[in-house]
Every structure is written in structure tokens, then in C-alpha cells.
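Convention: sequence-line order gives letters A, B, ...; per-chain numbering from 1.
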Amino acid sequence: MGKLFAIVLTIITVVSTAIFVMRVWWLPADVSAHGPWIDHQLVETMVAAGVLFVLSQLALALFVWKSGDRREGRKITVFPGGAVPIVVLAIVLVGAEILALTFVGSKVWASIYQTPPDPNSLQIDVQAEQFAFYFRYPGPDGRFGSSHPELINEATENYFGLDPANDTTARDDIVVPTLTIPVNRPILLTLHAKDVNHAFYVPELRIQQDFVPGLVIPLHFTATETGKHEIVCTQLCGLGHYNMRAYVEVMRQDQFDQWLKGKAAQQ
Amino acid sequence: MLTVTSPPSSPPRVSPPTATQPPESKAAETGVWMGIATISMSFAALTSAMVVRQSGAPDWQHFQLPPILYFNTLILLMSSLTLESARRRITAAAGQVGSLVPPVQRLAELYLTLTLGLLFVMGQVVAWRQLAAQGLFLATSPSSAFFYLFTALHGLHLLGGLVGLLYVLHRLRQATGPVPRTALGAATLYWHFMDVLWVYLLALLTIRV
Amino acid sequence: MHDTAAPAVVHHHAPPQGFLRKHVFSLDHKVIGKQYLDLALVAVCTGMVLSWLMRLHLAWPTQPIPGLEKLSPNGAAGGLITPEYYLSLMTMHGTIMVFFVLTTAPFAGFGNYFLPIQVGAQDMAFPRINMTSFWLTFVAFLVLIASFFIHDGPALSGWTAYAPLSAVGKDAGPGQGLGQTLWAVSIAIFCIAQLLGSLNFIATTLDLRTKGMSLARMPFSTWSWFITAVIGLIAFAVLMPACILLILDRVAGTSFFIPAGLVISDRLQPHAGGSPLLWQHLFWFFGHPEVYIAILPGFGIVSHILPVFARKPLLGPRVLIGCLIAIAFLSYTVWGHHMFVSGMNPFSAVLFSVPTLVITIPAAIVTMLWIGTIYGAKLRFTTPALFCLGFVSVFVSGGISGFLLAQPSIDTYLHATYFVVGHFHFVMGVAAMFGIFAATYFWLPKMFGRMMNETLGKWHFWLTFIGVYCVFMPMHYLGLAGNVRRYAEFTDDYLKPLIPLHRFITIAALFTGAAQLIFLFNLIRSRFRGPKAPDNPWEATSLEWSTTSPPPFDNFGGRPPVVHRGPNEYGVQGPAGDYVMQAAPEPAGRADQPC
């Protein structure tokens, strides 16, 4: 029985690890400026964790194999040195790993979430609601009109609760269902939730951030390649949660300028 | 591979239980201390919720606490004194004449404590009615919500203490067995904690509301 | 401290005679323990059926499930699960499993039955409170299950019940009316029940130990239940007021968690000023320790059982207990790692990340102590021993992915994906279940005086062990590919290619679930028909094996045992073999040094 356990556990360990190593299923290619940091940190951690995983499972398998030895006269033996080497090993090995991960990991985190956005960022307002995202550009005046929850109206497509009648800055605001951004330009999103929690997740951009009702949450990133990707909601928001999505379209700066001009003309 | 062997020492056979009353364990007191720990944790959580809620939005509405609260506080403090005095008397008497049930007059202070406790709860209800008369209800403002919540939760716990005291009184009045010193001590400890908790809540409400 | 005092006796009550007092409203901790376990059995069957329905729907969303429309005419008209019903199934699965299985079975169930016996007491410190605790748990379960039978169906906001979705009422969708209120009421009742239970465990451990049972001589299972009770005493004390605030927001119009200006179903909500993050903080302050409430009894059970079958003392017993205490302490410093992307201050993410990583040190030490105990052992491969070995393996598999999730920068990508689902199912679900299985096979002979069938037990182990790896390991791959959790269907372009892997998981889950029928059959048959169990079938040392199987009403037949040594005396020259029981008297001049 001990040999069987050892063999089964070894097979499980090898197959599980192989699928990770061969990247049968893996992250989509990164298209963001900060993404390589995250990917690097993820791979580093995965290697470290993978080594620990394989070592502990194989040690378990090996010892179980040997402990099934039924030969007469075999005495039980104590782990060499008792518990002390284990404690020392765990504190030194795992501790060193933790130190390294925290040190590098915090730098990655800080570089993404604790740095102020580029002052030159393109600012876009995002409204999440059950079960859609809407994006708002300030229009030619460069200023966002203020939002009034009581004016929000799905039927008249006033998703942000704008008051163009009394608010001149709101008149030229551009509201679209697709996030359209220029490539290689810092983007600053300000996240608002209309009703409940939502989240903004674009795997290719390596960003995920909750929308929290009552809070305005900034989120900044730079896309490095043109293309079209899905934005999905990852915070449970109700029955249509699985179906809540939008697209982010990354285009060249000239294309973007043209697109924006066209939209402004429609207002 | 499964080895089933007979046990090395056969377990003690069932013998008829002894008739003597067992000595009282300290468990009741430990239990009350654990209760104090967990109730404190609950109120700590609510306090942090109150601080977060007050600083998070500008809709906090300050109001005058009903003055009867201070009178209630006095009543509650007095009930602690009477209870402590009762406990000391009963324990001391039990120590003098062995495990004897105290004469009924020694229980007078316990009855007084019960009355004061009930009076406190009634006073708290009066405070609620006064607030309600001012138009301050549970949902009026976060400050009133926390006021009702704190006073209600404290009141419920205090009623629990009253039930505990009734139980001790019941055991004291039963003419058999030793004086339930630990139970009395545990109930007294809990009651004092209700005092301390109330003084803390009153201070918190005075500062914040 | 108890060596001098006479053993405390709490049985003020004689053995009850009537059926109700004996089997229903019993004050006997053994009956209450069995009641908890039976409740957990009903709950785990319910929870597993729910997970089957979810898995079937995820793999074949357009395939009707026969008969389901009768169970839920609204949620599954024509046998097709609607997205909202899927979310209800998921919410109920999580709630039932976390609260009514992983908390009640290893902690309240086995703890109730064996903690008093293992410390040599005749009952819990407060038998009446103990009974109240069980019946409150039972009521909480009924309240939760009742939401299946109301018109709008059960709550759909997940077991975490994030506000404001959980707080604003029926505008937020079906199930968010009465169903969500029932959820909050049920959990509040459950909290009270577990607070009473924890209080009882602590008082019993501290005050009712028999003569000679110093803290250091307590079995590891007793230690883990004791430490779990301390965690529970604090954790449930925070969740309960949080549930009260949630209920008030829902029914009394207060605004603790609901901010101003929310427009839901085209209606401006009449609330202002509340903080959704407040709920998350309160919930996870409870929620993360809850993980340890689920898993620490498993640690204790494995540490208790492994030496019995390894026939050698557990390596580093004091280190183990130190690690358990360290984990309990650290569990209160890490809750924010559930909230890295929640919009809280990014700086606090770093503060929460460090203790989360540090907690892996005691966890790693404990794992290595188990593996070190197996080193050079003469393992007896019984079913409980196999489940202990399986526990170590799945705990490692689940724990190690914590390295990734503990780092905010990586969590930014993996948060709310199936990677997390795989992680916590391994580390707290499957590992805790393996602990429960090991405990059941190990202790059922004591509880019912009947042995379980070993052949069926081994089949159960192998199918389950391989099965859980087939179910939960692929979830990590899905997570890496960015597969979002809590989705009723996968309609996104990038998720569609992952559906074949989901089908594989579903098939594996059905097989693994079916393998549990072997266990169920074995359990029920052995309870009534199994071969008679001797008093100490496994040649173990702790006090429960010094009494009859099953133990008499007062556990030791009127003669409380006297303890002479710790529970770790294996691999020594004893009077009956290679072990010495805790209650075995000290023979004059015999050296019983552990090897």
C-alpha cells in the first residue's frame, strides 16, 4: 500500500507540474507597460513555489514508500536531528523566500498602484452598473460635467446622470460603451459604481480593480500594443454578472484622435 | 495489516455513581470570563464600525443624550454595589457555618439588585421613548442608529445577567446542598462587567454623539 | 494546577430515561457530538448535490437536468438553471459547506464528543449551554434551507455577501429579498451557537482536566480544538454584529453599508453615507480566521492519528503546539489579503501581504513535522492513516499556491479567478474533509462500538484522493488563463476555449462525488452492522481508548482516569506492546523513555 501511495502521488505531482511547466494553459500575452513586472514576479514565485511543492510531495512519497518496509527486525528511526533542523530549515528557507518575494513584490505593486498617474494621462470616467460598463470622455472643453444620481436614466441613455440643461461642462461629454484608448499613452480611469460592487478586469492588460459604490477609485495603465480585448466584471454583482462585459480598443494615436473628433462632432 | 488487539488494561467497569454532591468546579467563572472576552470583542467591532461610519460620510447627526441615562447609570452602579455586598455576606456566612443555606434576610440585597436591574432596563426604555419623541429613530441618522443598537444590545446582555441572577437565587432558595459560591461569583462578575460595559458605552456615546 | 484538586465532576444529572431527553434534547456531550456530525452529514450531502448541479450547468449549460424543474419551478424551469439560480446554488453551496460542514463536523462534532473524554472529564463544563448550542445550529440550518422554498429563492450574493448587493433588498435581484434576510438571520444564529460552543470548549479544557492531565499532556487534537475555540470566540463575535448591521440595513432602513446615490433597478435608493468596505473588513476579519477554524482541527486530528499508525512519537510535539498558537495569532492579522483589489489604500495591501506570507512558516513547519514523523516509521496502512497521508498532500498542494495569492501584484491578475477557487478548495475544503474522513474511520469504532469496513474504506480513499486532484488542480490552470469565478456561463470569447477543461472537471467531480456513496454506505452499515470493536483497536494511547467502546454515560464508569504521561508514547517498550497509554499506571522502576 505504501508503494502504491508513493507511485500515485508521484504521478499526480509530475503531471500537475508538467502542465504548469509546459504552459498548456497560461496567461494571455501581455499588452501593458507594467505587465512584464507582474509576469516576471509570477514566474519567479511559481518556480519557487513549484520547487517546494515537488520537494515536499516527493519527500512524502519517498518516506511513505520506505515506511512500508515490513522486514523483520527493522527498527523505527527518528528524523535526523529531530525537530530542530526542520524549524531552522523552514525559517531560513521559507523566510528567505518570503523576504525576497515581499521585497520584489512590493516594488512591483508600488510601481503600479502607489505611483501617481502621469500628469499627461488621458483621463476617462468609467461607470459600472448592472450589467454594463460605460465610458465618458470630457469632450473638447477638457472638463467633465458633474454627475447627479437622481438624473440617471437608462431609457434616455443618461448613464452618468448628466445635466446638460444647466451644466455647460456636461454638454460636450462623450459617452460610449467601448473603452477606446491610444496606444503607448498613460491612461487614467476613474471608476464609479452606480449600484453595487463591480470590477474591471482585462487579463491582457494585467489589471483588476473593484468599483465600490460611494468611492471614486483611480486606476492607471499604459497599453503597449494595439488590439481589442474584453473587459469583464469579476466582482459578483447579480444575476447578469457572467454577462457583464465591454471591450477595450487600443488604437494608434492618429486613429484615436480621428475617432474622438468624430464622436465630438456627434454631440 | 490492520492489527486489532485487545487493550492492555481493561477499562474500569461501570460502578454505581456516588451519592455525594460533587465539589463545585471553577468552570462557571472561566465561562463568564470567556463571555466577557467575546462580548467585549463584539462591542469593539461595533465601535470600530461606528468610527469608520462617522468618518466616512458627512451625514452624522449630533444630538443631546437623554439626561435620564445618567440616572440609569447611577441605578446600575448601585445594583453592582448591592450585589457585591450580597455576595460577600453570603460567601462569608457560608464559610462560617459550613455549607449551609443562608437565611432569607441575607437574600434581601439580591432582590434589591434584581429590582435595580429591572429599573435600569425600564429607564433605558424611557430614554428610547424620549429620543423617539424628538423624532430620532433607528434609521434617522447613523448616530441614532448606533445609539439604539448599543443600548439595545447592552440591555439584552443585561437581561441575560438578570436571568443568571434569578438562577442563582433559585439555587440559594433551594434548602439543599452547599451554597453555590462559584455560580454566585460568576453571576456577580458578569453583572459588574455589564456595569463597566455600560460606562464605556455611555462615554463613547457622549463623545461621539 | 489540577494535580492537587479532586477531579471536577459536572454530571449533576443522572443518565436520562425518556427518548427525548436521551436522543433529542440530550445534555450528554457524546450525543450532542453525534447530533452535530449527523447535521454535518445532511449538510455536506446537500452542499455536494448543489455543487453537482453547478458543475453540470457550467459544462453543459443548454442541457436540461431532469427533475430539477420540480425542485425549483422558478429557478430551473424545464430543468435549465437560470443565471440567478446558479448564483443561489453557489451561495448556498459555500455557506452550507463553510458554516455547517467545515465548522460543525471537525470542530463542534468531533470536538464535542472527544474533547471531554480526552481530558478525562465526564461532560462539557456547561451541558445545557452545549445543548443550546447544537439546537441553535440546527435552527440556523433550517432557516438557511428554508430559503430554497420561498418564492424568490435563496440569496445570490455569495457566501461573502458583499454589501451593497446583499444590503439593498429585492431591487438587487431575485433572492435578494427574503432569501438574503434569511441568510443573514441564519448566520447570526449560527454565530451565537458557535460562541456558546467555543466558550464551553475553553472552560472544559481549562477547568475539567482530570488528575495528571497537565496542558502539556493533552492530546494534539484537544490542543487544536482548544485553540480553534479561542479563534472562534473572537471571530464569531465580530461576524454576529456585522450580520445585525446587515439585517438592520435590510429591514430597518439604516445605512451602515449602503452609500448615497445608488440607482438600482431605476430606483434611487433611500440610503446615504454607508460604507461597503466596512462590511468587507468586518466580514474578512471573521472570514480569514474562519479558514483556520475549518483547518486547525484537521491539523490536530492528523497529528493525533499519524503517530498511532506510524508507531512512533510525533516529531516535535511542542513545536507543533507553538505553531498552532502562532497560526491562530497570525490569522487575525491577514484579513486584508482578501481585499487587495477592493479599493482600500494600496499601502495597506503591503501591510497585509507580509503576515500572510509569514503565516506560511508555521504552516510549513507543521507539514514538515508530519513528513518527518513518517520518515523511518513502520506505517500501518489503515484507512484513517491513508487519509492522514492524503491530508498532508492536499494541504501542501493547496497551501503552496498561497505564495502567489499573498502577493498583491500577482493577486491583481489571479484575484476572483478559478485559481483562487482551486486554492481554497484544496487548502480548507478538501484538506478539512480528509481530516473529517480520517477522524471518522479512526473514531467510529469508539463512538458506536463497531469497526468500519477497511476494503470499502480503501476504495473510498483512492477514488477520492485521485478524484480531488482531477477536480481542483485544473482549476489552477483555468485561473492562469484568466477564467473568472462566479460566472453562471462562459460566454466571453476568451473563456469559450476553456469549456472542455470545465467538462473534464465536471466529470471528475461527478465521479469523486459518486465515490462518497461508498463512504456513506460504509458509514451507515458499520454503525449498525459492523464487527464489534474492541476498546482499543488501534493500540493508541489517549484517554478515549482507556474506556469502553462506546463509552458509558459518564465516560469512565464513575472512576475518572488518572494520567501519568503525555499522549506521544509510541515506539517504546510498553506493557501491551510498543506503546504506553496515558492512563496506564506507572510500574515501579520501569524506564519508559520514548525512543
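Legend: residues meeting salt bridge (Lys or Arg N to Asp or Glu O under 4.0 Å) with A:Glu154, ordered by chain and number and at least two apart, are A:Lys194.
Heavy atoms of C:Ala406 lying under 4.5 Å from chain A are absent altogether. With a threshold of 4.5 angstrom between heavy atoms, C:Met90 approaches chain A through side-chain atoms but not through N, CA, C or O. Looking at A:Val64, both its backbone and its side chain come within 4.5 Å of chain C, counting heavy atoms on both sides. A:Leu219 does not touch chain C: none of its heavy atoms, backbone or side chain, sits under 4.5 Å away. With a 4.5 angstrom heavy-atom cutoff, A:Arg245 touches chain C only via side-chain atoms. Using a 4.5 Å cut-off between heavy atoms, A:Ile217 touches chain C through its side chain atoms alone. For chain C, the nearby part of A:Glu97 is the side chain; its heavy atoms alone come within less than 4.5 Å.
Chain C forms more heavy-atom pairs under 4.5 Å with one residue of A:Phe211, A:Phe79, A:Trp25, A:Trp109 than with any other, namely A:Trp109. Among the candidates A:Leu215, A:Leu101, A:Leu89, the residue making the largest number of heavy-atom pairs closer than 4.5 Å to chain C is A:Leu101. Counting heavy-atom pairs closer than 4.5 Å to chain A, the top-ranked of the candidates C:Tyr162, C:Tyr375, C:Tyr86, C:Tyr469 is C:Tyr375.
Between C:His476 and A:Phe20, the two ring planes are perpendicular [angle over 60°; tilted spans 30° to 60°].
The distance from the CD1 atom of C:Ile361 to the CD1 atom of A:Ile91 is 6.0 Å, given to the nearest 0.5 Å.
The shortest non-hydrogen separation linking C:Leu156 to A:Leu236 is O-CD2, 3.4 Å. Minimum interatomic distance between A:Arg206 and C:Thr412 (heavy atoms only, all atoms of both residues): O-CG2, 3.7 Å.
Under the side chain to side chain contact (heavy atoms under 4.5 Å, CB included) rule, A:Ile152 has a single partner from C:Leu268, C:Leu262, C:Val263, which is C:Val263.
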